[in-house]
Amino acid sequence: MTDSSYIWETFDSLFKTVHRQGRRMEELEARVIELERHLQERSAFPAQQQSSRQFEQVSEMPTERAA
C-alpha cells in the first residue's frame, strides 16, 4: 500500500465516520425536540392527566377488592 492510498483510505474512513455521527446527532436532536414537545403538552393539561390517572387506578383495581 502506498502512502497516498493509505492517506485517502484514512480520509475516506474519517469522512464516513463524521457523516454517520452527524446523522446520529440529527436523529438525537429530533428526538429531543419531540420529547420536549410531549413534555409541554403534558404540562399544559395537568387537570386532565390527574383525572385520567384516577381512572387508571380504578380500572386496575381487582374485582374482589371492588366488591
Side-chain angles (χ1 to χ4, degrees):
M1 178 181 289
T2 65
D3 289 340
S4 178
S5 63
Y6 177 76
I7 290 170
W8 282 112
E9 285 184 27
T10 304
F11 177 78
D12 184 56
S13 177
L14 178 62
F15 180 79
K16 288 177 182 175
T17 301
V18 168
H19 180 69
R20 188 172 44 250
Q21 294 298 327
R23 251 193 357 242
R24 288 182 182 163
M25 283 299 299
E26 290 172 358
E27 292 169 1
L28 286 172
E29 289 171 348
R31 180 69 176 140
V32 166
I33 291 169
E34 177 185 337
L35 289 172
E36 286 176 341
R37 182 180 47 82
H38 182 68
L39 183 61
Q40 288 175 351
E41 288 173 359
R42 288 184 67 188
S43 65
F45 301 105
Q48 182 182 3
Q49 282 184 344
Q50 186 65 22
S51 65
S52 68
R53 285 185 193 147
Q54 289 173 352
F55 179 73
E56 289 173 5
Q57 290 173 353
V58 171
S59 66
E60 292 174 0
M61 191 178 300
T63 309
E64 296 82 24
R65 287 186 174 178

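Here the structure is a predicted model, which means the values were calculated and not measured. FYI, side chains are in, hydrogens and waters are out, and symmetry mates aren't considered; it's all heavy atoms of this structure.
- In this structure, R37 does not pair ionically with E34, as no charged nitrogen and carboxylate oxygen lie closer than 4.0 Å.
- Side-chain atoms of L14 and T10, non-hydrogen and from C-beta on, never get closer than 4.5 Å to each other.
- Rounded to the nearest 0.5 angstrom, H19 NE2 and K16 NZ are separated by 10.5 Å.
- Here CG of D12 is found 13.5 Å from CD1 of I7. Values are rounded to the nearest 0.5 Å.
- Although no hydrogens or angles enter the test, the distance criterion places no donor-acceptor pair under 3.5 Å between the side chain of S13 and the main chain of E9.
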| field | Step-by-step salt bridge (charged side-chain N to carboxylate O under 4.0 Å, His left out) determination, R24 to E27 | value | CA-CA 5 Å; R24 288 182 182 163; E27 292 169 1; over 6 Å; no
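- Ring geometry for W8 against F11 counts as perpendicular: the plane angle is over 60°, on a 0 to 90° scale with 30° as the lower cut.
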